[in-house]
Amino acid sequence: MRACVCSRNLALLFPMTISSQLEAKLRAASGHADARVQPATDTRFGDYQTNIAMILAKQQRANPRQLAQEIIDKLDTAEMCEPPEIAGAGFINFRLKPMWLAERFAVLAADEKLGISAPVRPKKYVIDFSSPNVAKPMHVGHIRSTILGDALARIAAFIGHTVVRDNHIGDWGTQFGMLLHGWKNELNHAALEADPLGEMERLYKLVSARCKEDPATLDAVHHELVELQGGNEENLVLWREMQRLSQAQFDVIYSRLGISFDVTLGESFYNQWLWKVVDELVARGIARESEGALCVFSDGSVPEKEDPFLISRDGQWVDMPALVQKADGAANYTTTDLATLAYRLREFAPDEILYVTDGRQQHHFRQLFAIFRRWHPEVSARLAHVWFGSILGDDGKPFKTRSGETIKLAGLLDEAEERAFAIVSEKNPALPEAERREIARVIGLGAVKYADLLPNRQSDYVFSWDKMLALQGNTAPYLQNAYVRIRSIFRKAVEAGINSQSSTIILSEPAELVLAKKLFQFGEVLPQVLDDCRPNLLCNYLYELASTFHSFFEACHVLKADEASRASRLTLCEVTARTLQRGLGLLGIEVPERM
RNA sequence: GCGCCCGUAGCUCAGCCGGAUAGAGCAGCGGUUUUCUAAACCGCCGGUCGUGGGUUCGAGUCCCGCCGGGCGCGCCA
């Protein structure tokens with residue numbers, strides 16, 4: 001506990017990342033509030049750079065290099081940097097002093113948060129992610145929302161925000177007419193026992209196909225739905241059974257993925273407020289009748305091009321309303337989402353709500369947010385649709401099995417572990433099978449998650465087993481291996497009776513210096529990841545860190561170095577291991593001790 | 001038709017408030033191990049950033065046109 005207090009005190013003395021320290025000094029010297037310092041694009045230029053002189057020069061119509069010189073003259077960076085240099089059109093380059101870095105590294109090493117200082121104003125986030133549907137197996141379509149949402153939740157919490165993880169289950173809707181009809185007439189009890197979601201999916205497909213050719217089935221299906229919505233006890237019992245069975249299967253998957261939720265509520269939970277939402281929207285003139293339905297139309301408050309309630313047809317802007325009540329009197333998902341939004345604001349009072357869903361729902365969320373702003377103009381919470389692209393097969397089309405079926409998540413995870421097991425067994429056949437299984441689990445799941453988080457989330461990406469499990473390149477196993485190599489050093493150190501780490505850090509070798517600098521950047525990257533909801537930035541950082549470590553590992557032998565150097569390098573290794581473990585942990589990825 | 005997204009090396013992709021000689025992995029070629037896990041490291045090869053204009057001291061990035069692809073567009077969620 002004493003160490004903890006100590007690190008807090010040190011953190012108070014040195015509360016900021018290197019870039020923000022430089023920014024503070026630059027603000028003082030330039031008088032410019034948004035002075036930004038970035039890691040150098042090329043290490044030949046130095047460690048950090050700023051283009052503030054060029055920005056100011058443009059505003060003031062001044063000579064940028066001259067302005068840069070004036071800023072440098074006022075800069076007080078002698079303690080941390082070599083004298084700053086002006087380069088190119090007016091860049092100011094900073095090169096950190098190794099001695100200063102070495103002293104400061106002790107602070108980083110003592111910091112449990114690895115350089116992350118608490119936010120000035122902690123926020124409360126509600127993150128809506130995963131959202132599977134009752135009676136349908138989770139498939140690849142759920143993977144990005146689940147993994148991305150989980151990573152964002154972990155990152156926000158680590159930075160020091162409060163997070164509510166909210167799983168909005170699809171448990172209500174027209175599909176239950178089909179499911180009830182199928183359950184009552186076609187249920188295979190043995191199959192249900194063996195694979196509940198598989199059997200329910202079979203029923204759904206069977207009835208769905210039959211509906212298309214048989215009007216009598218369609219009528220029967222509709223009747224079941226009306227009965228359910230009207231509170232028919234038999235249908236409600238069956239519906240609850242479907243929920244129960246589905247949730248049990250979801251829980252298996254979430255447990256495997258190491259993902260938990262604070263709130264799991266179905267769409268049906270919000271049914272109690274739907275009428276109220278519709279009434280209020282009508283009473284306030286936000287929604288009105290059109291073609292038998294209740295709709296929200298444009299209020300003309302934004303330019304036509306940006307208006308989510310308008311669409312251009314043949315050069316004319318025409319209405320593109322959002323329905324909040326269908327002509328048959330039923331509410332739809334916009335209504336449910338509005339009720340859900342209101343509930344979350346009442347219940348959690350968040351500063352931000354993030355909806356992690358695929359990009360095809362962009363228009364829906366633009367309408368949803370616009371309606372909500374009109375309905376509750378007093379609410380200031382930020383609403384964000386964190387959308388993502390599709391997973392494609394190697395043919396460039398949506399990822400499916402060869403026969404055109406959607407790929408189920410459970411099977412996908414099985415295959416990841418199997419493939420990883422084959423590789424582990426080949427590389428390390430001497431390990432006991434149980435340990436190889438456990439390593440394969442960590443590597444296989446890590447590979448799937450990492451492959452999903454690595455691309456820019458808005459890009460579609462091509463799913464490839466070979467790429468994600470590859471042992472070289474920007475993959476989870478590559479990062480895990482860097483961690484494993486460090487653990488191996490420490491095992492060997494213990495065997496040799498060496499346990500001395502040191503707070504006196506020596507950065508004399510280039511590889512030591514580069515590694516230390518990279519470790520300082522963790523605290524700079526993480527806030528940016530959350531601001532833009534882009535975990536791929538963290539992936540890239542961790543890849544660079546692992547790569548930097550591997551180079552260090554080749555260049556600087558740890559255990560054979562002299563005592564002072566060895567102690568220093570052990571500390572570098574320890575902080576690297578902790579940063580890799582923490583960074584991967586924030587992505588929901590575990591690390592093995594050996595592999 | 002309109003809107004959103006995309007087009008960067010042979011392949012898969014980074015590059016997001018414009019900034020220095022456009023980066024990485026894979027593939028290909030050549031090296032490194034009696035020493036901490038070679039699942040590693042080091043080096044080489046490889047790009048008119050779809051295309052034509054414009055703005056700017058400076059454009060892969062911003063604006064406009066065109067070509068090509070994906071997705072969406074009133075009672076599914």
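Because the structure is a prediction, the values reported are computed rather than measured. What's counted below: heavy atoms across the whole structure, side chains too, no hydrogens, waters or symmetry copies. Convention: sequence-line order gives letters A, B, ...; per-chain numbering from 1.
Not a single donor-acceptor pair, N or O on each side, falls under 3.5 Å between the base of A77(B) and the side chain of Asp337(A). Side-chain to base pairing of Lys58(A) with G58(B): one donor and one acceptor N or O lie within less than 3.5 Å of each other. Interface remark: the Gln480(A) side chain does not form any donor-acceptor pair with the A39(B) base, using a distance-only criterion of under 3.5 Å. Evaluation of atom-type donor-acceptor distances gives a pair under 3.5 Å for the side chain of Ser290(A) against the base of G74(B).
Nucleic acid contact for Asn51(A): base, since at least one base atom lies under 4.0 Å from a heavy atom of the residue. Within the nucleic acid shown, Thr41(A) comes within 4.0 Å of at least one base atom, counting heavy atoms only. If you check every strand for non-hydrogen atoms under 4.0 Å, Arg534(A) touches a base.
Secondary structure note: stems in RNA chain B built from 3 or more consecutive Watson-Crick or G-U wobble pairs under 3.5 Å occupy B:1-7 with B:67-73, B:10-13 with B:23-26, B:28-32 with B:40-44, B:50-54 with B:62-66.
For the pair Tyr204(A) OH and A77(B) C1', the computed distance is 10 Å after rounding to whole Å. Counting to the nearest Å, the P atom of C5(B) and the CZ atom of Phe365(A) are 17 Å from each other. Between Leu479(A) atom CG and A40(B) atom C1' there is a gap of 14 Å when expressed in whole angstrom units.
Two residues are said to be in side-chain contact when any heavy atoms from C-beta on lie closer than 4.5 Å; Gln361(A) and Tyr355(A) fail this criterion.
Comment: Glu418(A) does not engage Arg441(A) in a salt bridge, judged by the lack of any side-chain N to carboxylate O separation of less than 4.0 angstrom. Salt-bridge formation is not detected for the pair Glu85(A)/Arg95(A): no Lys NZ or Arg NE/NH1/NH2 atom is positioned less than 4.0 Å from an Asp or Glu carboxylate oxygen. With salt bridges taken as basic N to acidic carboxylate O contacts below 4.0 Å, one links Glu201(A) and Lys205(A).
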Working note: Tyr333(A) + His168(A), criterion ring-ring contact (aromatic ring centres under 6.0 Å, His included); need CA distance, chi angles, decisive distance, verdict.
CA-CA 12 Å; Tyr333(A) 71 122; His168(A) 190 64; over 10 Å; no
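Rounded to a whole angstrom, the distance from the P atom of C42(B) to that of G60(B) is 29 Å. Going from the C1' atom of G7(B) to that of A14(B) covers 15 Å, rounded to whole Å. Nucleotides C62(B) and G47(B) have their C1' atoms positioned 23 Å apart, rounded to a whole Å.
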